[in-house]
Protein chains: 2
Amino acid sequence: MYRDIIKKSGLSITTKRIALLSALDKAQRPVTIDELRNQMTDTMDTSTMYRSLKKLVDAGIVYQTDFRDGVSYFELQGDNHHHHVVCTECKSRKSIDMCVNKNFNKVEKDTGYTITNHIFELFGLCENCSS
Amino acid sequence: MYRDIIKKSGLSITTKRIALLSALDKAQRPVTIDELRNQMTDTMDTSTMYRSLKKLVDAGIVYQTDFRDGVSYFELQGDNHHHHVVCTECKSRKSIDMCVNKNFNKVEKDTGYTITNHIFELFGLCENCSS
DNA sequence: ATATAAATGCAAATTATTTGCAAATTAATT
DNA sequence: AATTAATTTGCAAATAATTTGCATTTATAT
């Protein structure tokens with residue numbers, strides 16, 4: 001349940017945030033703020049979306065990423081942890097299972113930072129654009 | 001030599017681009033467009049910087065990354081390939097040696113994409129901010 | 001040398017994201 | 001349950017990074 005997910009992070013449980021997670025869940029792919037708003041039945045102010053998403057990202061609940069097209073993308077961090085390849089030409093994307101070893105103990109010991117989340121994306125040319 | 005690096009990518013060799021690479025080389029850390037312009041002796045229009053950097057990034061010469069503070073960062077892709085940890089609170093950063101296995105053959109086979117570059121960043125709390 | 005293609009500067013536009021503040025909602029306390 | 005304190009939300013406006021069109025200059029290919 002979304003309430004439990006939010007609660008575990010220490011954030012306040014609000015109807016808007018539940019709606020937000022529900023919309024992200026429905027999308028099942030990285031979406032922009034605009035796409036996200038369209039997915040939502042409930043209305044939600046853009047600034048509120050940004051503020052809430054930031055907290056959910058910092059809490060590790062939402063995956064925020066950057067496909068280098070000037071917009072932030074958000075995706076629900078589910079069990080099927082994954083990343084993407086992006087064509088630098090046509091901007092098409094595919095999901096990939098590959099991930100860096102998620103055990104960040106060594107980095108934490110070396111740097112003193114407590115790692116809560118990460119970003120990993122591959123860029124290149126798709127089959128169409130490389131020919 | 002910067003000329004050779006540019007040539008190998010098939011881009012035109014211009015004084016501006018050489019100045020750009022030289023400035024990135026001097027910086028030896030991820031820099032924003034503004035920081036980069038300050039490093040440069042030669043003047044260069046902002047739009048030109050963006051356009052040239054995009055090509056250098058696509059060519060795999062420059063590493064472009066995103067620390068989630070609304071600005072793009074650029075760093076010369078040298079021999080010392082590395083990534084970073086970023087504090088989500090105070091925005092402080094450290095370099096780390098850790099990288100995903102750079103052998104992307106399996107991904108290329110699975111997706112049909114030709115991988116030219118990637119982004120990988122860790123986010124969390126630094127020692128100060130976690131206490 | 002000449003022609004073609006690519007890169008540059010300028011000025012203006014676009015658009016994602018942030019901020020301040022008052023009202024509303026949620027969490028904590030008695 | 002009722003009250004207080006803390007957090008969240010909406011609104012409107014501001015901020016600032018990035019992009020675009022076009023004419024000119026510079027680099028590459030013939």
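Below, read A as the first sequence line, B as the second, and so on, with proteins coming before strands; counting in each chain starts at 1.
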If you look at every strand shown and take non-hydrogen atoms under 4.0 Å, does B/Lys55 touch a base, only sugar-phosphate, or nothing?
sugar-phosphate
Nearest nucleotide by nearest heavy atom, which residue falls closer to the 5' end of DNA chain C, A/Ile33 or B/Gly10?
B/Gly10
Output yes when A/Lys91 and A/Asp69 qualify as a salt bridge under the 4.0 Å nitrogen-oxygen rule, no when they do not.
no
Any ion pair linking A/Asp4 and A/Lys7 (charged N to carboxylate O, less than 4.0 Å)?
no
Measure CZ/B/Arg51 against C1'/D/dT19 and give the value in whole Å, please.
8 Å
From CZ of B/Arg3 across to P of D/dA27 the rounded distance in Å is 9 Å
Checking all strands, does B/Thr14 fall into the base, sugar-phosphate, or nothing category for heavy-atom contacts under 4.0 angstrom?
sugar-phosphate
Does a nitrogen or oxygen in the side chain of B/Lys16 sit under 4.0 Å from OP1 or OP2 of D/dA27?
no
Select base, sugar-phosphate, or nothing to describe what B/Ser12 touches, counting heavy atoms under 4.0 Å on all strands.
sugar-phosphate
Would you say A/Ser72 reaches C/dT17's phosphate, i.e. side-chain N/O to OP1/OP2 under 4.0 Å?
yes
D/dT18 OP1/OP2 closer than 4.0 Å to side-chain N/O of B/Tyr50
yes
With a 4.0 Å cut-off, would you call A/Lys55 and A/Asp58 a salt bridge?
no
If the cut-off is 4.0 Å, is B/Thr48 near the phosphate of C/dG9, judged by side-chain N/O to OP1 or OP2?
yes
Any side-chain N or O of B/Thr46 under 4.0 Å from OP1/OP2 of C/dG9?
no
Rounded to whole Å, how long is the line connecting atom CG of A/Leu53 with atom C1' of D/dT9?
14 Å
Quick one: A/Ile13 CD1 to D/dT7 C1', roughly how many Å, whole number?
13 Å
Where do B/Glu121 and B/Thr65 land on the side-chain hydrogen bond (donor to acceptor under 3.5 Å, both in side chains) test, with the steps shown first?
CA-CA 8 Å; B/Glu121 302 296 345; B/Thr65 194; 2.8 Å; yes
With sugar-phosphate meaning primed atoms plus P, OP1 and OP2, does A/Thr32 contact a base, only sugar-phosphate, or nothing at under 4.0 Å between heavy atoms?
nothing
On DNA chain C, more 5' by nearest nucleotide between A/Leu11 and A/Val71 is A/Val71
Quick check on the 6.0 Å ring-centre criterion: do B/Tyr63 and B/His83 meet it?
yes
When all nucleic acid strands are considered with a 4.0 Å heavy-atom cut-off, which category describes A/Arg17: base, sugar-phosphate, or nothing?
sugar-phosphate
Can you tell me how far C1' of C/dA16 sits from CZ of A/Arg37, to the nearest Å?
11 Å
Grab the CG-P distance between B/Leu20 and C/dT8 for me, whole Å please.
9 Å
In whole Å, what is the span from the CG atom of B/Leu56 to the P atom of C/dA7?
10 Å
Rounded to whole Å, how long is the line connecting atom CG of A/Asp45 with atom P of C/dT17?
14 Å
